[in-house]
Amino acid sequence: MGLQIYNTLSASKEEFVPLNPWEVRIYVCGVTVYDSSHIGHARALLTFDVVYRYLRFVGYRVTFVRNFTDLDDKIIDRARQEGTTCDAIAARYIGEFNRDSKALGLLPPAHEPKATEHIAEIIALIRRLEEKGMAYQIDGDVFFPVERFPGYGKLSRRNLGELEAGARIEVDERKRSPLDFALWKGSKEGEPWWESPWGKGRPGWHVECSAMSTKYLGQPFDIHGGGLDLVFPHHENEIAQSEGAFARPLARYWMHNGFLNINREKMSKSLGNIFTIQEILAAREAEALRHYFLSSHYRSPLDFSAQGLEEAERSVGRIYETMDRVEQATASPDSATPDSTLLEAFRQEMNDDFNTPRAIALIFEEVRSLNRLLDEDKTEGLAGRAAALKAMAEALGLLQRSPPVFLKSRRQRWIEKQGLSEAGIEELIALRDRARREKRYQEADRIREKLGEMGIALEDTPGGTVWKLR
RNA sequence: GGCGGCGUACCCAAGUGGUUAAGGGAGAGGUCUGCAAAACCUCGAUGCGGCGGUUCGAAUCCGCCCGCCGCCUCCA
């Protein structure tokens, strides 16, 4: 059986059949660049990075697009607070985002369009809606009349009656329905603006994604993704605009990742429980965060904890340590043909709506068998299995670095945090080794204990004493 | 009020009708070791929030109840 994807549109898993058999076109809503990205963003980014990687792994040519919303009320507010321009704010946080995404080990998208660079396309889309009677102008604003789009609510499984009943929005009295949303906003004093058929103004929130996704991917395209919170109203409105304008589907599969909570609470500024990506990556390896997220299913809510992340870092370290052993024992696993049984098992798990927890379980089962082979000095089949493990890990974005580099980096980070010096540690180890050679074991154990208190574990291997973090 | 989700061992977390309920961490015992560590082996939920029901058979379907959470407003 092929890949099954849970489609929010049908609220069920569906066989994934792309429009063209060999390629997949996917659009993911990126970030609004008004502040630093936090680990909730990281979950969404990593979720779709794995979708992207896995689609490539199974052989598709993938066109992946992720936008920047660089035009929005929050950016305007921020610029005002700081007495600077929206451009400056957007540029700053796009820069941060690029650093974050590199640090997270994300594959770069084919396109990263910005709203401000697609004003012409946005205006064209709104005009098209006007022609079809799906836009109305009031003063300098243009709204989308939701009752003109019969499928409104199909993604979030609501009907207009329910929505209106539950609406707690401050209603703009000029709108025909409280649910109508702005396609174009007339500019107020001090706001960025562009010339348009409706006067000076700027796009509404949802319209830029409609314009940009179809510009790069056509309509329909295969997969549209984003966080669960975007289902309503953002994605619902994208569907209304794009399908209203062109009378064909916008995207065929809608994927949404679950939320990240902190200690069972939603992350929010008012609770002060937001961790930025930069804060987390200063303390932990990026692949630890990735492993932590992939250990639960992307659609489940996930509770973030420092302890969980620490455990994840150890787990990732275990995979690296095993790969390190393999590389020391065999010439080169890279030149081996990956074990096909393992790859097939991996595909089977991932084909079930990207079941990464099971894929990771598979990786650990394999880590155990590899270690057993290594313990027993058996090299038969080792390279092929290691190659398969590596291929699986890469499809998840793990094992992006060479084992020695990763292990060294983790150790280095820890030394700095503890204010220790590598030379000092080495010196103590040398002292202990001399004591051991001279069979002064009490002395040797005393030194090891001392290092232990510093958080360092020693391993006496045939090749000499190596040290690791507790 | 409307819509939706979750509750699996000490912790994290898969599993949505059928042999022994994945995997990781912690724990216990063992192999190895001067002693350790790492690695490996073994053990570990007769039970999947509670109570009923459907079924030859349910963590898995249905009903009720308890507890937690999300969306309906900007939000990944």
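Each chain gets a letter, A, B and so on, in the order the sequences are listed, and its residues count up from 1.
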message: Under the criterion salt bridge (Lys or Arg N to Asp or Glu O under 4.0 Å), I'd like the reasoning laid out for A:Arg440 against A:Glu438: C-alpha separation, chi angles, the key distance, then a yes or no.
response: CA-CA 5 Å; A:Arg440 289 183 284 112; A:Glu438 294 164 4; 2.8 Å; yes
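- Between the side chains of A:Thr32 and A:Asp72, not a single donor N or O lies within less than 3.5 Å of an accepting N or O.
- Nearest-nucleotide mapping onto RNA chain B: of A:Arg325 and A:His297, the residue sitting toward the 5' end is A:His297.
- Taking atom CG on A:Asn257 and atom P on B:rC71, their separation rounds to 13 Å, with Å as the unit.
- Atom pair A:Glu313:CD and B:rG24:C1' shows a separation of 15 Å (rounding to whole Å applied).
- A:Asp303 contributes no side-chain N or O that forms a donor-acceptor pair with the base of B:rC12 under 3.5 Å.
- Within the nucleic acid shown, A:Phe232 comes within 4.0 Å of sugar-phosphate atoms alone, with no base atom in reach, counting heavy atoms only.
- Nucleic acid contact for A:Arg158: base, since at least one base atom lies under 4.0 Å from a heavy atom of the residue.
- Nucleic acid contact class of A:Leu362 (heavy atoms, under 4.0 Å, all strands): none.
- Heavy atoms of A:Gly226 sit under 4.0 angstrom from primed sugar atoms or phosphate atoms, though from no base atom.
- Between the side chain of A:Arg436 and the base of B:rG34, at least one donor-acceptor pair of N or O atoms lies under 3.5 Å.
- Contacts of A:Pro301 with the nucleic acid, taken as non-hydrogen atoms under 4.0 Å apart, are absent.
- Rounded to a whole Å, the CE atom of A:Met255 is 14 Å from the C1' atom of B:rA76.
- Looking only at atom types and distance, the side chain of A:Tyr93 has a donor-acceptor partner in the side chain of A:Arg78 under 3.5 Å away.
- Side chain of A:Arg432, nearest nucleotide from B:rA37, B:rC35, B:rC72: B:rC35.
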